[in-house]
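Worksheet: one structure, shown below.
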Protein chains: 2
Amino acid sequence: MKRLGSQPDPDRRAPTMVDVAKLAEVSLATVSAVINDSAPVSADRKKRVLDAIRRVGYQTNAIARSLKTGSTKTIGLMIADITNPFFTAVIHSIQEVAYHHGYGVMLCCSDEDPEKERLHLRLMSDRMVDALIIATAGETPPLRALIDSRRKPVVLIDRLLDGVATDAVVIDNVAAARDAVRYLVSLGHRRIGLITGKSTLSTARERYQGYCQALAEAGIAIENALVGAARFGSADGYGAAMGLLSLAERPTAIFASNNLSGIGLMRGIKDSGLRCPADISVACFDDFEWADVFEPRLTTLVQPTRAIGAQAMAIVLEHLQDGGAQRSAARVVRMRAQLRIRDSCVMWPPPPGLST
Amino acid sequence: MKRLGSQPDPDRRAPTMVDVAKLAEVSLATVSAVINDSAPVSADRKKRVLDAIRRVGYQTNAIARSLKTGSTKTIGLMIADITNPFFTAVIHSIQEVAYHHGYGVMLCCSDEDPEKERLHLRLMSDRMVDALIIATAGETPPLRALIDSRRKPVVLIDRLLDGVATDAVVIDNVAAARDAVRYLVSLGHRRIGLITGKSTLSTARERYQGYCQALAEAGIAIENALVGAARFGSADGYGAAMGLLSLAERPTAIFASNNLSGIGLMRGIKDSGLRCPADISVACFDDFEWADVFEPRLTTLVQPTRAIGAQAMAIVLEHLQDGGAQRSAARVVRMRAQLRIRDSCVMWPPPPGLST
DNA sequence: TTGTAGGCGTTATCAT
DNA sequence: ATGATAACGCCTACAA
């Protein structure tokens, strides 16, 4: 079937610099010079070029430019779980400063699956992103190879990788978890449960460490039965919570070491017919918009999401501007999370005469 | 300062096809043929090429490929508010199917700002994305121009644009809002408040319409005082809620027409010393993971986020595969949202003898 | 089956 | 100040 001549041509070639050059009656080099302001051009010709650009509707072809310059002006962002408001906030911040500096962001979600991460890494690498910011789902050989090749800046966020020489921005997880558990202890709790994440994740390990430290300080022995393994997902969190809650000697407080497991925990408490905080106190990692609008208002550890993203981008930009100058030793920036005390933790044992 | 010879070369050139060809002692064309499987190659030479690829660590340079083929295999995704779990879920779904078909996703957040949207549009357009999926912050001339140029597929999601000839996938907002308000009416409510979004957004307008329809059906006059204007943000929602709640004759139920304004509403109720649902019933648009783990469990309108994303990508892929065949008339796919009844709405007036 | 050569749209180096 | 012209890395007729 023939194409109808009258319809708005769906696929005419996009105008290029040569179209502009022809119309303006100047050389290609001149057009390039005015576009990039890379060489002096007489006012007269400059105006002609600018006019021509407008007339033909010329737009830079960033692909061609990238091929020539070797820079795509886009950074790759790999996130383990885009469903998690913590990451969402970080993405937002990264995308904002990236754009502000003329960079685009290519997003990939590994869904906490190292295999998917591997594949996505390849996709972004092929597309020649200038740098990568990664919240990894767990180390893979290709990731390590990528970092070791030192061909492009890689900055890790949120999760660290052991013995990998690259920059990173994370929070002080042991201090954060310690703060939360210390607080629980200060309220009188002695049987404090923990819901952890996969031990392949540095965050999970560090938070576990913080939990142990706080307990040790208080002279409380750690009981394995009180730490429930989940994988930073709400379904897992639920399972772990149910385990903890059905213990013969139930914990009086539980610390959920990320926000999704916090959901699972709250759901578990509800399904067990228990009430928070009357029957059990809860603190959890990561703050979110809803944390204070329902009952109980949740006590959380709030992470500086905006700063994490901004810092990661700052490091990336620094590398990109140094143009691959010999980078100094890998540096890991540690930020602090802050305990936001609300209503989900109460004294234990409950003071007499307190209504539920 | 000289570069030290011993350090791991930070910026050696990435290997290209010619490096592979040399090592394998074949021609460039042969290498290309095996990489793209675009022509028959003898087993012997194929093996040599594959080996060489591995040995030099060759990776396709998608930029160069794109320049030649005219396709970047990446789709641009513009989202109005990445902080909103609804969009987050849609992004997730889009990115998943995109990846599954070998496409990358370039993400931009307009933050509900048409001006930012304009700028980001340009950024993605320059980078030659193959298609665009847009949850627009409001129409701008460049967006309309982009669509009218018909140079690349554009599919709108969530929000429609008046009189714009392009595909879209949205939900039936009037039906959804009508369902929610009908439900409130069926519970006995007559003074039902509404928190709307910016009237430049089709979703806000349609949801308002649904609200009006349900009221009309029930023979209830609509009172302007009962509809609070917000802009789909939680702070605005809070303001609007406070207005509604301080009315001399307070509504007995409020419908928040998106999730962020729902937060604001719940916060407002709390700050007013009111309780939900005892003092006031609440229903709101968009479901989210936390909606049922706190008190009260929220009654919401759940959107088929996964399907929305998948459908949008399906349309995009269809266009991309047709290779710009004359596309039929713009088609808008309407999906249904579903009312999920939980505990935040109760009968009015309250039956006697009901404890709070 | 394999190789040669031209071009995708830019940028950048060189003469002029 | 301006204009040819050669890359950038890949794909693809076309020729051998």
Side-chain angles (χ1 to χ4, degrees), chain A residues 11-50 52-53 56-74 102 125-130 151 323, chain B residues 11-50 52-53 56-74 102 125-130 151 323:
Chain A
D11 50 11
R12 65 176 175 286
R13 261 178 60 278
T16 72
M17 280 178 47
V18 327
D19 298 316
V20 174
K22 263 181 213 143
L23 189 74
E25 296 179 300
V26 298
S27 78
L28 212 80
T30 305
V31 177
S32 176
V34 353
I35 287 177
N36 301 308
D37 197 32
S38 54
V41 175
S42 70
D44 165 53
R45 300 173 92 85
K46 176 177 281 183
K47 184 177 177 315
R48 259 159 54 202
V49 169
L50 259 13
I53 286 180
V56 304
Y58 170 78
Q59 275 192 228
T60 299
N61 180 331
I63 295 300
R65 173 182 294 180
S66 292
L67 181 58
K68 187 61 185 160
T69 63
S71 158
T72 52
K73 283 290 198 176
T74 111
S125 187
D126 283 354
R127 279 171 181 68
M128 304 270 125
V129 296
D130 288 345
R151 266 219 266 284
Chain B
D11 50 10
R12 63 176 175 286
R13 258 177 66 274
T16 73
M17 278 177 46
V18 326
D19 297 318
V20 174
K22 263 183 213 142
L23 189 73
E25 295 179 300
V26 298
S27 80
L28 215 85
T30 305
V31 176
S32 176
V34 353
I35 286 176
N36 302 308
D37 198 30
S38 54
V41 175
S42 68
D44 165 55
R45 297 172 94 85
K46 177 176 278 182
K47 184 176 177 319
R48 258 157 58 200
V49 169
L50 259 14
I53 286 180
V56 304
Y58 170 78
Q59 276 192 229
T60 300
N61 180 331
I63 295 301
R65 197 218 286 288
S66 292
L67 183 57
K68 182 62 185 163
T69 64
S71 158
T72 52
K73 283 292 199 173
T74 111
S125 185
D126 283 354
R127 279 172 180 68
M128 304 270 127
V129 295
D130 288 345
R151 265 218 267 285

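Proteins come first, then strands; the chains are lettered A, B, ... in the order of their sequence lines, and each starts at number 1. The figures that follow rest on heavy atoms only: side chains count, while hydrogens, waters and symmetry mates do not.
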Polar side-chain atom of [X] near backbone of [Y] as donor-acceptor pair, under 3.5 Å:
X: A:R48; Y: A:A24; answer: yes
X: B:T69; Y: B:R65; answer: yes
X: B:R127; Y: A:K73; answer: yes

Would you mind reading off the distance between [X] atom [atom1] and [N] atom [atom2], rounded to a whole angstrom?
X: B:K22; N: D:dC10; atom1: NZ; atom2: P; answer: 12 Å
X: A:R65; N: C:dA12; atom1: CZ; atom2: C1'; answer: 13 Å
X: B:M128; N: C:dC8; atom1: CE; atom2: C1'; answer: 12 Å
X: B:Y58; N: D:dC11; atom1: OH; atom2: C1'; answer: 11 Å
X: B:D126; N: C:dT11; atom1: CG; atom2: P; answer: 11 Å
X: B:R48; N: C:dT1; atom1: CZ; atom2: C1'; answer: 13 Å
X: B:L28; N: D:dC11; atom1: CG; atom2: C1'; answer: 9 Å
X: A:K46; N: D:dA1; atom1: NZ; atom2: P; answer: 11 Å

Given C:dT11, D:dC10, C:dT1, identify the nucleotide with an atom nearest to the side chain of A:S32.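 The listed nucleotide nearest to A:S32's side chain is C:dT11.
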What nucleotide among C:dT11, D:dC11, D:dG9 has an atom nearest to a side-chain atom of A:L67?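 Within the option list, the nearest is D:dG9.
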Using a cut-off of less than 4.0 Å, is there contact between a side-chain N or O of [X] and OP1 or OP2 of [N]?
X: B:T30; N: C:dG3; answer: yes
X: B:S42; N: C:dT1; answer: no
X: B:N36; N: D:dC11; answer: yes

Which part of the nucleic acid, if any, lies within reach of B:I63 when heavy atoms closer than 4.0 Å are counted: base, sugar-phosphate only, or nothing?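 Contact class for B:I63: none.
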Using a heavy-atom cut-off of 4.0 Å across all strands, would you classify A:M17 as base, sugar-phosphate, or nothing?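 Since a base atom lies under 4.0 Å of A:M17, the category is base.
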Which heavy atom of B:T72 sits nearest to which heavy atom of B:M128, and what is that distance?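 That closest heavy-atom pairing would be OG1-O, 2.7 Å.
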In terms of side-chain geometry, is the basic nitrogen of B:D19 or B:R13 positioned less than 4.0 Å from the acidic oxygen of its partner?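 Judged by the 4.0 Å cut-off on N to carboxylate O distance, B:D19 and B:R13 do form a salt bridge.
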Upstream residue (5' side of DNA chain D) when A:V41 and B:T16 are each assigned their closest nucleotide: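 Mapping each residue to its closest nucleotide by heavy atoms, the 5'-most match is A:V41.
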Between B:A29 and A:Q59, name the one whose nearest nucleotide on DNA chain C is closer to the 5' end.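 It is B:A29 whose nearest nucleotide is closer to the 5' end.
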Both A:V18 and B:R45 contact DNA chain C. Taking the nearest nucleotide for each, which residue is further toward the 5' end?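 Final value for this comparison: B:R45.
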Under-3.5 Å donor-acceptor pair between A:K68 side chain and D:dA7 base: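 Checked by distance alone, the answer is yes.
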